Structures are given as C-alpha cells and as structure tokens.
Amino acid sequence: MSRSYYIAGNWKMHKTRAEAAELAKALAARLKGGKHKYLVAPSFTLIETVAPIVKGSNIRLGAQNMAAEEQGAHTGEVSVLQLKDLGVQTVILGHSERRHVYKEDDGLINKKVLLALKHGLEVILCVGELLEEREAGKAEAVCETQTVEGLKGVAPADLDRIVIAYEPVWAIGTGKTATPEDADAIHAYIRKVVGKLYGPSEADKIIIQYGGSVKPENAAQLMAKENIDGALVGGAALKADSFAPIAQFDS
Ligand code: PEP
C-alpha cells in the first residue's frame, strides 16, 4: 500500500490570535521530524497569524471552508483568492457542521471543490451519515451520494489533491467513536465508490481520513485498519498535548 498517513486538526471556531500562535508553535516543535503528513485548519481570522509559524515546517496550512464563488458581492464569505493570498494550501469542504447547521448541499459543496482544485488547493471532502441514517441502514448510501456528488466533474488528474474524510455525524464531538471495524467497513465502501468512478489504482491511492472523537487513546487502533489513512480531529486538535500524540501514533 502506497498511502501515507495524514493527520489534520480542525480548530473550528476556537482560539484568539495569541492562543492560536501558541498552539501552532507547540505543534511545529513537537511534530518536527514526524513521519506522517500533518495539517492545521484555524479560523479565517487566525490564518495570517499561524501561516508564518507553520511555514517551512511539516504542517500544512488549511482553512475550514470557502465561498463557492471566486469573488464579488458575497457578504460574510471568504474567497479562494483570499485564502491563497494567505498561503493556505488545503481547504476542508462539506464538514457536517456546514452541511447540517448551515444547510450546504452536495451541489454547493461540489462547486466549492471544483473551484478549490482550479486554484491549486488540496481539498479534504467530508462525508458521513447522521445517526438516524445509520440506524435506517443507509450509512453506505449516504456516503456514496456525498462522495459521488462531491467529486462530480473532478478530473482524474486532480484526484491526487482530494482527500476524503469519513466523519459519522453521530461521532463528532460526542465522545462516541465508530469502532475501528465499523469505520473501516465504510472506508472500504467509499474506496469502492472511488474505484467505480476512477478505477482501482486511484481507489487504492486515495487517502481516507476518519473523523469523530479521535483521541490519543483510540488513534492507533483506528489507524491500524487497512482502509483508514489518518484522521480529521476536532476537539483533541485544540491542545498540543492531545493532538501531538495522535499525530505521532505508532504505526
Ligand atoms: C470534526 O468536527 O471534524 C471532528 C471530528 O470533531 P471531534 O474530533 O471533536 O469529534
């Protein structure tokens, strides 16, 4: 397997500039020489503070969202051009909080994916089912639709800049983690969906992160699974003492 592990921290709507700088500095120091791929995604207002701290380190600079349009009359939105201007390399799109709280649908998310790729960004495309969808036996179908619709129009040549994050919504911020077996089964299914769209070698290459209450105590068991290639971490990404051990899990 040629895939490498990719551990990303989504800081959500947390931290002031001083707090963000402190965390970024601690991570840059602790992850130095780390063997996996890393990313932090601070709030828009913190990006300029964090950018020089992670520049030249092994930590990529991410954003948590972006507008579906390049620029224009879009009050309150942030454009891909503005993100690139700050040195952002990766954007998280389709996070469940964007889908379910802010009602972003697959069409809008797909538009953002295509725009981000057009401007050379890497995309972490989040997919995942609600608890009622899982209980109704629809987890695979939901993830399939979100994957297929999210990737609509993505050229095979751009697929190496797509990462998928499987985040069962019921496991996000709840302390409930999918069992490694359950998570791996959905990851395998998503990989099959990518295979149907792009062929088996692309399916084998694509990085699929797991997200949902990943902690230092459960990271290694999750990552040991064949189809789990890293993590998108929320709560535990807010402290170096919890993110660093996840990022440095023993593979
Ligand atoms: C997330 O929101 O992407 C996430 C996985 O959060 P948490 O780790 O807090 O469950």
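Numbering of residues begins at 1 and proceeds along the displayed sequence. Just so you know, these numbers come straight off a predicted model, no measurement behind them. Read the numbers this way: they start at 1 and go in the same order the structure lists the ligands and their atoms.
- The nearest heavy-atom contact from the protein to atom 3 (O) of ligand 1 is Glu167 OE2, 2.7 Å.
- For Asn110 against Gly150, the heavy-atom pair with the smallest separation is ND2-O, 3.0 Å.
- Of the protein's heavy atoms, His95 NE2, 3.2 Å lies nearest to atom 1 (C) of ligand 1.
- More than 12 heavy atoms of other residues, nucleotides or ligands shown are found within 6.0 angstrom of NZ on Lys215.
- Residue-environment remark: NZ (Lys37) exceeds the threshold of 12 foreign heavy atoms within 6.0 Å.
- For the ligand labelled ligand 1, residue Ala171 lies inside the 4.0 Å heavy-atom shell.
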Quiz prompt | Residue pair Ser213, Ile172: steps toward the side chain to side chain contact (heavy atoms under 4.5 Å, CB included) verdict | solution = CA-CA 6 Å; Ser213 300; Ile172 295 180; over 6 Å; no
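- The protein heavy atom nearest to atom 2 (O) of ligand 1 is Lys12 NZ, 2.5 Å.
- Looking only at heavy atoms of the protein, atom 9 (O) of ligand 1 is closest to Gly235 N, 2.8 Å.
- For atom 10 (O) of ligand 1, the nearest non-hydrogen atom from the set Ser96, Gly234, Gly173, Pro168 belongs to Gly173.
- The environment of Glu70 atom CD is dense: over 12 non-hydrogen atoms of other residues, nucleotides or ligands sit within 6.0 angstrom.
- Under a 4.0 Å criterion applied to the non-hydrogen atoms of Leu232, ligand 1 contributes the atoms 3 (O), 5 (C).
- Residue Gly212 places a heavy atom under 4.0 Å from ligand 1.
- Atom CG of Leu125 sits about 11.0 Å away from atom CD of Gln209, to the nearest 0.5 Å.
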